[in-house]
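In what follows, a structure is listed as C-alpha cells, so that the remarks can point back to it.
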Amino acid sequence: MIRPATVHDVPRIQEIINSHAGLGKMLFKSLAQLYEDLRDFAVYEAPTPAGPVIAGCVAMSIIWADLAEVRSLAVDEAFMGRGIGRSLVEWTLAEARRLQIRRVMALTYEEAFFRKMLFQSVAKESLPLKVWSDCVRCPKRDQCDEIAMVRLLTEVAPVEAPPAVPTPSGLSVPVLDSTED
Ligand SMILES: CC(C)(COP(=O)(O)OP(=O)(O)OC[C@H]1O[C@@H](n2cnc3c(N)ncnc32)[C@H](O)[C@@H]1OP(=O)(O)O)[C@@H](O)C(=O)NCCC(=O)NCCS
C-alpha cells in the first residue's frame, strides 16, 4: 500500500500536508517544493469503496553519510489511528537500511508518536547545520519549539566519512516572508 510518489500524487500530498500546516503542526509546502523533492516521497494508498485514495505521505531526505531525515510525515485526519503513520515511518527506516544510513532523525511536535517508533529525543545542537535549511521558511524563526528525535539503526554498520558541519550555538537564520512558487 506504500509506493513511491509520482507527479499525479502531488496535489493530494499538498492537500494533506497543508491541512496540518494550517493547524501549525508542520510547514506549508508549495507545489514547487513538492515537485523538487518528489523523489524523496512515498504515499500510502488506502482502499475505500470509491477506490484507492492517498491517505498519507512521507519523505526521506539524506542529510549526511550517517543521517537521514523523516520529513513531511502526514496522515489525512480521516485516516488517523489506523497504523498508517507507523507504516510510513517504517518505510523510511527500510529506506535508510537499504542505503546503509545508520541514524534517522525527525523534527517534530509528535514526541509520543515517535517514541513509539523507538526514536529518542536529542539536543538540537547535536544535529548538523544542514538540518536547519527549512528554517528560512518557518514563521517561528528563532523560537523553534520542535523536538529533535533520532532512531539509531544498530544493525547498520558505522560508516567512515568526514563529519558534517556542526550547528553553531546561538544560530540565527534569515526568514523568507513568502512560500509562493
Ligand atoms: C503523527 C501522525 C503521522 C500519526 O499518524 P497515525 O496514522 O494516526 O498513527 P498510527 O495509527 O500509525 O499510530 C502508531 C502508534 O502511535 C500512536 N500515536 C499516534 N499518534 C499519536 C500521538 N499524537 N501521540 C501519541 N501516540 C500516538 C498510536 O496510538 C499507535 O500506537 P500503538 O501502535 O501502540 O497502537 C499523524 O497524527 C499526523 O499526520 N499528524 C499531523 C502531522 C504531523 O505532526 N506530522 C509529524 C511531522 S514530523
Side-chain angles (χ1 to χ4, degrees), residues 1-5 9-31 33-34 36-48 52-64 67-97 101 103-128 130-141 143-153 167 173 179:
M1 289 198 202
I2 296 182
R3 61 165 174 79
D9 305 320
V10 168
R12 176 68 177 142
I13 291 172
Q14 187 187 40
E15 183 178 51
I16 297 173
I17 290 174
N18 287 356
S19 70
H20 294 301
L23 301 172
K25 292 185 176 177
M26 53 202 303
L27 287 178
F28 285 96
K29 289 282 179 185
S30 68
L31 290 174
Q33 289 172 288
L34 292 173
E36 187 175 326
D37 295 340
L38 187 56
R39 273 184 293 198
D40 290 342
F41 271 87
V43 291
Y44 186 105
E45 265 187 344
T48 73
V53 297
I54 292 171
C57 61
V58 73
M60 194 197 81
S61 66
I62 300 167
I63 306 290
W64 205 250
L67 187 63
E69 182 177 2
V70 179
R71 303 176 72 139
S72 299
L73 171 66
V75 175
D76 184 318
E77 207 175 346
F79 291 87
M80 281 180 181
R82 302 186 194 180
I84 295 174
R86 176 189 289 279
S87 300
L88 289 164
V89 170
E90 281 170 357
W91 178 85
T92 65
L93 299 175
E95 274 293 280
R97 285 187 196 100
I101 297 173
R103 292 184 303 151
V104 180
M105 57 155 287
L107 293 170
T108 187
Y109 299 112
E110 296 287 356
E111 185 176 8
F113 168 80
F114 276 98
R115 275 197 191 286
K116 289 214 158 177
M117 307 298 125
L118 306 179
F119 284 63
Q120 294 184 328
S121 306
V122 298
K124 287 181 185 151
E125 297 72 25
S126 70
L127 299 172
K130 204 165 172 275
V131 165
W132 313 110
S133 58
D134 263 3
C135 299
V136 293
R137 298 193 181 89
C138 181
K140 295 199 175 171
R141 308 176 187 199
Q143 278 78 51
C144 173
D145 53 358
E146 285 189 315
I147 298 154
M149 302 188 78
V150 170
R151 164 93 186 253
L152 177 68
L153 299 175
T167 300
V173 291
T179 56

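Note that ligands are numbered from 1 as they come in the structure, with each ligand's atoms numbered from 1 the same way.
Here the side chain of Thr167 pairs a donor or acceptor atom with the backbone of Leu127 at under 3.5 angstrom. Proximity of a side-chain donor or acceptor of Ser126 to a complementary backbone N or O of Val122 within less than 3.5 Å is not detected.
Applying the salt bridge (charged side-chain N to carboxylate O under 4.0 Å, His left out) rule to Glu111 yields the partners Arg115; only residues at least two apart in sequence or on another chain are considered.
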Measure and list all N/O to N/O distances between ligand 1 and the protein that fall under 3.5 angstrom.
{"residue": "ligand 1", "atom": "7 (O)", "partner": "Gly85", "partner atom": "N", "Å": "2.8"}
{"residue": "ligand 1", "atom": "8 (O)", "partner": "Gly81", "partner atom": "N", "Å": "2.8"}
{"residue": "ligand 1", "atom": "11 (O)", "partner": "Arg82", "partner atom": "N", "Å": "3.3"}
{"residue": "ligand 1", "atom": "11 (O)", "partner": "Gly83", "partner atom": "N", "Å": "2.8"}
{"residue": "ligand 1", "atom": "12 (O)", "partner": "Gly85", "partner atom": "N", "Å": "3.3"}
{"residue": "ligand 1", "atom": "12 (O)", "partner": "Arg86", "partner atom": "N", "Å": "2.8"}
{"residue": "ligand 1", "atom": "23 (N)", "partner": "Glu110", "partner atom": "OE1", "Å": "2.7"}
{"residue": "ligand 1", "atom": "31 (O)", "partner": "Lys116", "partner atom": "NZ", "Å": "3.2"}
{"residue": "ligand 1", "atom": "33 (O)", "partner": "Arg86", "partner atom": "NH2", "Å": "2.6"}
{"residue": "ligand 1", "atom": "34 (O)", "partner": "Lys116", "partner atom": "NZ", "Å": "2.8"}
{"residue": "ligand 1", "atom": "39 (O)", "partner": "Val75", "partner atom": "N", "Å": "2.8"}
{"residue": "ligand 1", "atom": "45 (N)", "partner": "Leu73", "partner atom": "O", "Å": "2.8"}

Apply the test side-chain hydrogen bond (donor to acceptor under 3.5 Å, both in side chains) to residues Thr92 and Glu95: give CA-CA distance (whole Å), side-chain angles for both, the deciding distance (0.1 Å), then the verdict. CA-CA 5 Å; Thr92 65; Glu95 274 293 280; over 6 Å; no
Show which side-chain atoms of residues 19-28 pair as donor or acceptor with protein atoms under 3.5 Å away, not counting sequence neighbours.
{"residue": "Ser19", "atom": "OG", "partner": "Ile16", "partner atom": "O", "Å": "2.7"}
{"residue": "His20", "atom": "NE2", "partner": "Val75", "partner atom": "O", "Å": "2.7"}

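The salt bridge (Lys or Arg N to Asp or Glu O under 4.0 Å) contacts involving residues 10-23 comprise Arg12-Glu15, Arg12-Asp76, where partners must be two or more places apart or lie in separate chains.
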